[in-house]
Amino acid sequence: MSWTRNEMAARAAQELEDGFYVNLGIGIPTLVANHIPDGMSVTLQSENGMLGMGPFPIAGEEDADLINAGKQTITTLPKSSFFDSATSFAMIRGGHIDLSILGAMEVAENGDIANWMIPGKMVKGMGGAMDLVAGVKRCIALFDHTNKRGESKFIKACTLPLTGQNCIDMVITDLGVFERDKAHNQFRLQELAPKVTLDEVKAKTEADVIFE
Amino acid sequence: MSWTRNEMAARAAQELEDGFYVNLGIGIPTLVANHIPDGMSVTLQSENGMLGMGPFPIAGEEDADLINAGKQTITTLPKSSFFDSATSFAMIRGGHIDLSILGAMEVAENGDIANWMIPGKMVKGMGGAMDLVAGVKRCIALFDHTNKRGESKFIKACTLPLTGQNCIDMVITDLGVFERDKAHNQFRLQELAPKVTLDEVKAKTEADVIFE
Amino acid sequence: MSKVFSTAGEALGGLCHDGLTIMSGGFGLCGIPENLIAALRDSGASDLTVISNNAGVDGFGLGQLLETRQIKKMISSYVGENKEFERQYLGGELELEFNPQGTLAERIRAGGAGIPGFYTKTGVGTLIAEGKEHKDFEGETFILETGLKADIAIVKAWKGDAEGNLIFKATARNFSPMMAMAGQITVAEVDEIVPVGALDPNFIHTPGIFVQRIVEAKCEKRIEQLTVREA
Amino acid sequence: MSKVFSTAGEALGGLCHDGLTIMSGGFGLCGIPENLIAALRDSGASDLTVISNNAGVDGFGLGQLLETRQIKKMISSYVGENKEFERQYLGGELELEFNPQGTLAERIRAGGAGIPGFYTKTGVGTLIAEGKEHKDFEGETFILETGLKADIAIVKAWKGDAEGNLIFKATARNFSPMMAMAGQITVAEVDEIVPVGALDPNFIHTPGIFVQRIVEAKCEKRIEQLTVREA
């Protein structure tokens, strides 16, 4: 059985460490916040200008002046701080954020990622994604291994316009976990989802990955 | 009679306008603050991180955490704000300060100024002077027309290392006032101190200045 | 020479002309200068270049200026919430320049701080880097981005005083402090104008030097994604 | 993994080595991390490059590290208050790099913000511009300045909490917020550690992400130029 979205998020949460400052992208990455281990102190950054993002508010307690980067209403925690966008991206670009977990349309075997634009379709914009992949210390891409047509999204070279080059350190899909091996400059299969076979993941992976 | 230091400061204060944000250098320029016309709102910036500098404190009310760029104890005003050095010099470099009044060792006829370094002597540093002359909208140099040996300090070309080039808009000395004529790119005598003769100021000015 | 105006329309009085470059604060609909945007629409000024992280939604925020075709070009990082924007853009009626969000924020700060250009690694190897100068620092490649300025910056703050000192609330701060620095003329609308001296000088986000005009105005403050949890 | 330490010496524990680059906050003696400077002296680490706007006075502040010859090089904008500094510099025992004050502040901010270089007009046509890349933007000439980082940044704040959030008082803020960003490890000494949640999130000057260690310590706070007026 491949992992569900929630299981993928739970697996990604295992990459968190105590004291980490983390930026979570929109979509599946947002779910990672639900799996932070008890007793572990992880501070979530929202790139619109907040550290220490709290949970969604109880109905009636929402504040239009307090949203996350997905424009959802949120709350503060005792440790929270607010700042302007220049300071927020100084944190990101300056390498102060320990971990970014973000979605992807394609990830290439060299660590390139594409997740912002499909030529011919209306382009909404990259938002903060290019800053995050370029600046954050460690980037994990969290995405379904194949697209709706069954084609691999973990490929030899990105076909879509890049969000960043050579910046993804780990890939987590519904089929397994792939860690970038710095020495070989290549991804290596680290873990398979339950009941997913090596043959299946090999068949669905276009990227040249170390499987042994 | 040439102007005293205090009269020079008073004359410089005539260049202030209502609503101006002003940075005053150390020495004679500091005295300008004593001559701000009643009813005129002028906000003094201190480049160590303050707008709305108030007067010196009453003895016993000094605060070691509240000083000006000359390291003197000062006070706040109701309109005051504090900020960091990067923001302070964003104001200066970004052209937000209307007027800077500063001392000079030499000013040249092309608007160059030297006021930070004498080769062979111990150099204390330029502090914020280079930023001020490069960034502030209008710069007035306030200095004695001649040095102790009677030599002109308003000269053809600076002999000392520059603080900034082509940046002085007005010269006020103990002998008179010289406004930079933008059209001719040349200083023009605008006003003589009482009982100072045209011949005297001509004799003491090495710079090629328009006197008529 | 008071900085205080009675209405948003008066606060923009004499400033609005065709062809201006306008910066408008806010992230999504959070912290947008609602009343000044509406006043800008009412001014009729057109052929505007608007620098703003987003483009509002249909009929609200900058969406109002899109409906009236007053905007010629947007410089933004994300414009996904606006159908009219999409229609005009796909129809070739609207120019669009995308900037990575952090690059946009830093370009605006740079413009206000007298910095005409800076190097960043954001966007290296992407479409964003095309045509831009590349330069290596300590073996890594960066691209040159330029400072951005505006004829007018319009921002929304929480409280302000007659000196133009501003404080912002929560994440409504976002781009506004930098835009206030980068506007030739900066106009602020605030929830509340307080007496000079009421704001603690240690905690002023935008010193008055960056604000030329200020108006107290009531904001609707729409929420784009109301998201709640079980009590 | 607590950020809170009991003494300045413990707060620097394990960090001090010969040859480090250290940023030290303060303007004159205002806002200097007195206790951390003393602890750095006690560590005996030498061959230090120190980035600080000033160099303290004889026997106090960074003057303490000059007396013990622990400083190899200073990067500053003004060093006029220190005879021992002058003696070592004129004797060729101390390297010195002058930066215009605003350039120094911006270089430190840039280092912390991931910006390896930026252009400024400050210093064009002066000794400061020699050997630096010149570039024209819109007909005006600017010089390239580079970002500065440090192995350790030591700063003094007013209040802080266990998360590392800091607020500063009055003009004691000066260079410290940027240095906190530019230090690989930033250590803050504060007048008072307050409980997490006691600082208003709207008014935190330095978010905790920039501060790795924090210690409460009493400062002497010497005044360099006591200047008063008649009551």
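Predicted, not measured: the structure shown is a model, and the values here were computed from it. So you know, we letter chains A, B, ... as the sequences are listed, proteins then strands, and number each from 1.
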Sub-3.5 Å donor-acceptor pair from the side chain of A/Arg93 to the main-chain atoms of C/Lys121, do we have one? no

Is it true that a side-chain atom of C/Thr227 and a backbone atom of A/Gln72 form a donor plus acceptor pair closer than 3.5 Å? no

Between [options], which shows the greatest number of heavy-atom pairs under 4.5 Å with chain A?
{"options": "C/Leu90, C/Leu104, C/Asn82, C/Val124", "value": "C/Val124"}
{"options": "C/Glu86, C/Glu224, C/Arg109, C/Glu230", "value": "C/Glu86"}
{"options": "C/Cys30, C/Ala105, C/Gly28", "value": "C/Cys30"}
{"options": "C/Ala55, C/Ala172, C/Gly80, C/Ala170", "value": "C/Ala170"}

Check whether A/Glu61 gets within reach of chain C through its side chain, its backbone, both or neither, counting any heavy atom under 4.5 Å. neither

Where does A/Ala90 contact chain C at under 4.5 Å (heavy atoms): side chain, backbone, both or neither? neither

Using salt bridge (Lys or Arg N to Asp or Glu O under 4.0 Å), reason through A/Asp63 and C/Lys169 one step at a time and then give a plain yes or no. CA-CA 10 Å; A/Asp63 179 349; C/Lys169 192 180 142 210; 3.0 Å; yes

Please determine, among A/Val133, A/Asn166, A/Val123, the option with the most heavy-atom pairs under 4.5 Å with chain C. A/Val123

Per-residue tally against chain C (heavy atom, under 4.5 Å) across A/Gly70, A/Gly49, A/Pro55 peaks at A/Pro55

Give a yes or no on whether [X] atom [atom1] has more than 12 heavy-atom contacts from other residues, nucleotides or ligands under 6.0 Å away.
{"X": "C/Lys149", "atom1": "NZ", "answer": "no"}
{"X": "A/Lys137", "atom1": "NZ", "answer": "yes"}
{"X": "A/Gln14", "atom1": "CD", "answer": "yes"}
{"X": "A/Lys79", "atom1": "NZ", "answer": "yes"}

Approximate separation, where rounding is to 0.5 Å, of [X] [atom1] and [Y] [atom2]:
{"X": "C/Arg173", "Y": "A/Ser85", "atom1": "CZ", "atom2": "OG", "answer": "10.0 Å"}
{"X": "C/Ser77", "Y": "A/Phe89", "atom1": "OG", "atom2": "CZ", "answer": "7.0 Å"}
{"X": "C/His205", "Y": "A/Asp84", "atom1": "NE2", "atom2": "CG", "answer": "9.0 Å"}
{"X": "A/Met126", "Y": "C/Ser76", "atom1": "CE", "atom2": "OG", "answer": "10.5 Å"}
{"X": "C/Phe27", "Y": "A/Lys71", "atom1": "CZ", "atom2": "NZ", "answer": "4.5 Å"}

Minimum heavy-atom distance between [X] and [Y], given as atom pair plus value:
{"X": "A/Ala86", "Y": "C/Met178", "result": "N-CE, 3.3 Å"}
{"X": "A/Asn48", "Y": "C/Asn174", "result": "O-CB, 3.8 Å"}
{"X": "C/Pro100", "Y": "A/Met130", "result": "CG-SD, 3.8 Å"}

Among C/Leu127, C/Thr126, C/Ile128, which one satisfies side chain to side chain contact (heavy atoms under 4.5 Å, CB included) with A/Pro161? C/Leu127

Going by the side chain to side chain contact (heavy atoms under 4.5 Å, CB included) test, name the single residue among A/Asp65, A/Asn68, A/Leu66, A/Thr76 that passes it with C/Thr171. A/Leu66

Check whether any side-chain heavy atom of [X] sits under 4.5 Å from a side-chain heavy atom of [Y], and report yes or no.
{"X": "A/Phe56", "Y": "C/Gln225", "result": "no"}
{"X": "A/Phe82", "Y": "C/Phe168", "result": "no"}
{"X": "C/Ile223", "Y": "A/Thr73", "result": "yes"}

Taking atom types as modelled, find out whether A/Asp131 and C/Thr122 have a side-chain donor-acceptor pair closer than 3.5 angstrom. yes

Side chain, backbone, both or neither of [X] within contact of chain A (heavy atoms, under 4.5 Å):
{"X": "C/Tyr89", "value": "side chain"}
{"X": "C/Arg229", "value": "both"}
{"X": "C/Asn53", "value": "neither"}
{"X": "C/Leu226", "value": "both"}

Given the rule in the side chain to side chain contact (heavy atoms under 4.5 Å, CB included) test, do C/Phe85 and A/Met122 qualify, once you have shown the distances and angles that lead to the verdict? CA-CA 10 Å; C/Phe85 185 102; A/Met122 176 62 196; 4.0 Å; yes

